[in-house]
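Quick note: residue numbers are just sequence positions, from 1. Start at 1 and go down the list; that is how both ligands and their atoms are numbered. Just so you know, these numbers come straight off a predicted model, no measurement behind them.
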Amino acid sequence: MRALVKTEAGPGLELLDVPRPRVGINDVLVRVHKAGICGTDVHIERWDAWAQRAVTPPLVIGHEFVGTVVEVGSNVSGFAPGELVSGEGHVVCGRCRHCLAGRRELCAHTIGLGVGRDGAFAELVALPMTNIWHHWAGIDEDVAAIFDPLGNAVHTALAFPVLGEDVLVTGAGPIGLMAVAVARHAGARHVVVSEPNAYRRDLALRMGATLVLDPAERAPADTFAELDMVEGFDVAMEMSGHALALRSALGAMAHGGRVAVLGLPTEPVPIDIGDLVLKMLTVRGIYGREMYETWYKMSVMLRSGLDVTPVVTHRFPFTEHEAAFAAARSGESGKVLLDWTA
Ligand code: NAD
Ligand code: ZN
């Protein structure tokens with residue numbers, strides 16, 4: 001099969017013919033239709049300091065995908081060839097305290113698809129049956145391909161109740177953009193987006209943001225009067241991984257505000273703990289998706305009017321992976337998809 005492979009420790013990726021994945025007794029083999037490029041894939045392609053620590057070549061990368069089941073292991077039930085599925089990209093141990101308690105998203109032994117095991121930028125991908133999610137017939141395959149990052153957005157946006165609340169989203173990358181739509185769907189009053197990139201601010205408005213701002217020109221706290229807010233934001237979602245964004249969010253919260261942090265800074269970030277204490281803020285880290293309540297919520301919200309389609313801005317056949325990665329790196333993009341059926 002053809003696959004996009006990190007062949008050696010260094011920048012770049014190669015499109016190669018590789019053996020098809022081994023299908024264990026508990027595994028499901030999927031023929032990939034479409035796959036999304038994530039920031040993680042860009043890090044691995046570029047071979048930055050994080051990738052050098054996390055990845056051992058050779059490795060097939062990629063973890064956001066949709067496809068059809070082609071084969072199941074002898075122990076698998078509930079999945080049959082031809083069914084449309086996506087995969088949860090975190091493969092958990094199944095045996096630790098959290099896994100046994102059904103809180104698999106807290107597993108400390110998670111292995112990432114396309115990071116610690118061969119991934120989905122390939123014609124075929126194999127995953128344990130416990131990582132496979134059925135789609136309903138008729139789902140838009142572009143949206144099905146990005147259930148993994150949509151799950152990040154849903155997990156973050158639903159971490160705290162947003163009904164009637166004023167919400168700040170810092171960072172309008174693909175996940176922040178989808179979080180805007182989810183927060184609106186879940187009943188937020190205002191969703192203010194802070195994002196330096198004009199292309200993405202524009203996309204944020206299309207996803208339902210009430211107001212967008214460039215952090216170089218205006219602080220989130222400068223919007224209260226315009227939006228008829230009394231004290232500050234009730235809920236913030238940090239989705240940029242940038243220190244200034246997190247600090248501006250903490251500074252713009254109302255007393256008792258709640259801050260969900262998904263963005264991953266590359267270095268430690270100093271914050272004003274006094275602000276946090278005196279405002280009695282709750283700060284919660286968000287990693288991955290809840291298995292599988294987030295997946296259920298995604299499916300039912302999409303079937304009851306949640307629309308995230310504007311986030312997909314670019315589509316390429318897998319043979320044009322270099323152009324696809326360039327689009328993802330450029331910042332002049334939302335989500336970039338690779339078509340593996342061509
Ligand atoms: P991304 O990295 O493309 O988006 C980040 C956005 O933040 C960019 O559009 C950038 O212009 C913007 N930004 C930069 N400085 C800013 C500032 N000062 N204020 C506001 N915005 C600013 O992409 P993404 O894929 O949406 O990921 C968002 C973040 O989430 C990244 O940090 C990523 O590493 C992290 N992430 C976390 C998880 C998890 O499970 N916790 C999963 C995936 C990604
Ligand atoms: Zn575990």
Side-chain angles (χ1 to χ4, degrees), residues 36-44 48 50-51 54 63-64 88-112 114-115 128 130 146 148-157 159 168-180 192-204 207 212-220 236-252 260-267 269 284-291 294 308 311 313 327-336:
I37 298 180
C38 170
T40 302
D41 305 314
V42 175
H43 290 298
I44 299 174
D48 64 11
W50 171 83
H63 57 273
E64 306 172 357
E88 161 60 56
H90 288 178
V91 179
V92 299
C93 78
R95 297 299 310 158
C96 70
R97 172 189 173 182
H98 301 299
C99 282
L100 290 174
R103 299 185 298 257
R104 289 184 273 186
E105 60 279 0
L106 297 184
C107 179
H109 314 286
T110 296
I111 295 172
V115 179
T130 45
I146 55 170
D148 181 291
L150 174 58
N152 294 134
V154 166
H155 187 13
T156 313
L168 172 66
V169 176
T170 51
I175 301 174
L177 287 166
M178 291 190 278
V180 171
V192 173
V193 174
S194 174
E195 165 62 59
N197 173 325
Y199 178 95
R200 290 182 163 181
R201 284 200 299 277
D202 195 46
L203 272 178
M207 299 300 282
V212 294
L213 57 90
D214 178 349
E217 290 174 358
R218 191 176 184 191
M237 302 172 200
E238 203 312 282
M239 305 225 153
S240 76
H242 285 262
L244 287 174
L246 178 61
R247 286 204 285 266
S248 70
L250 293 174
V261 183
L262 174 107
L264 274 168
T266 49
E267 287 173 7
V269 173
R284 177 173 167 193
I286 303 285
Y287 184 51
R289 300 142 293 279
E290 282 186 355
M291 299 172 206
T294 303
V308 296
V311 80
T313 55
R329 269 193 308 266
S330 73
E332 300 285 293
S333 55
K335 184 53 80 176
V336 179

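Without hydrogens or angle criteria, N152 side chain to I175 main chain gives no donor-acceptor distance under 3.5 Å. Side chain of D202 to backbone of Y199: no donor-acceptor contact under 3.5 angstrom is found. Looking only at distances, no side-chain donor or acceptor of R200 sits under 3.5 Å from a matching main-chain atom of E332. Of the possible donor and acceptor atoms, none in the side chain of E195 sits under 3.5 Å from a partner among the backbone N and O of A198. Remark: side-chain polar atoms of E105 are not paired, donor with acceptor, to backbone N or O of C107 under 3.5 angstrom. Not a single donor-acceptor pair under 3.5 Å links the side chain of S333 to the backbone N or O of K335. E64 places no side-chain N or O within 3.5 Å of a backbone atom of D148 that could act as its donor or acceptor partner.
Counting only heavy atoms from C-beta outward, the side chains of V269 and R247 approach each other to under 4.5 Å. With a 4.5 Å cut-off on side-chain heavy atoms, R103 and R97 count as touching. By the 4.5 Å heavy-atom criterion applied to side chains, V169 and V192 are not counted as neighbours. The shortest side-chain heavy-atom distance between V91 and T110 does not fall under the 4.5 Å cut-off.
Within ligand 1, counting atoms from 1 as listed, the ones closer than 4.0 Å to a heavy atom of N152 are 40 (O), 42 (C), 43 (C). Atoms of ligand 1 lying under 4.0 Å from any heavy atom of G241, numbered from 1 in the order shown and given with element: 32 (O). Taking every heavy atom of P215 and a limit of under 4.0 angstrom, the matching atoms of ligand 1 come to 19 (N).
Summary of contacts: the protein heavy atom closest to atom 20 (C) of ligand 1 is S194 O, 3.2 Å. Looking only at protein heavy atoms, the nearest one to atom 3 (O) of ligand 1 is R200 NH1, 3.0 Å. Protein heavy atom nearest atom 36 (N) of ligand 1, with residue, atom name and distance: L262 O, 3.9 Å. For atom 2 (O) of ligand 1, the closest heavy atom belonging to the protein is S240 O, 4.9 Å. Counting only heavy atoms of the protein, atom 33 (C) of ligand 1 lies nearest to L264 N, 4.3 Å. If you check which protein heavy atom lies closest to atom 4 (O) of ligand 1, you get G173 CA, 3.3 Å. In terms of protein heavy atoms, atom 14 (C) of ligand 1 is closest to H242 CD2, 3.3 Å. Looking only at heavy atoms of the protein, atom 41 (N) of ligand 1 is closest to I286 O, 2.7 Å.
By the criterion of a separation under 2.8 Å, the protein N/O/S atoms near the Zn ion (ligand 2) amount to C93 SG, C96 SG, C99 SG, C107 SG.
Between the choices H63, M178, M239, the shortest heavy-atom distance to atom 28 (C) of ligand 1 belongs to M239. The closest non-hydrogen atom to atom 12 (C) of ligand 1, taken over E195, R201, R247, comes from E195. Of the listed residues (G288, P196, A245), the one carrying the non-hydrogen atom nearest atom 21 (N) of ligand 1 is P196.
Going from atom SG of C96 over to atom CG of L106 covers 8.5 Å, rounded to the nearest 0.5 Å.
At a heavy-atom distance under 4.0 Å, no atom of T40 approaches ligand 1. Contact annotation: for I175 versus ligand 1, heavy atoms closer than 4.0 Å belong to both the backbone and the side chain.
Taking the ring centroids of H90 and Y287, they lie under the 6.0 Å cut-off.
Under the 4.0 Å criterion applied to side-chain N and carboxylate O atoms, E88 and R289 are assigned as salt-bridge partners.
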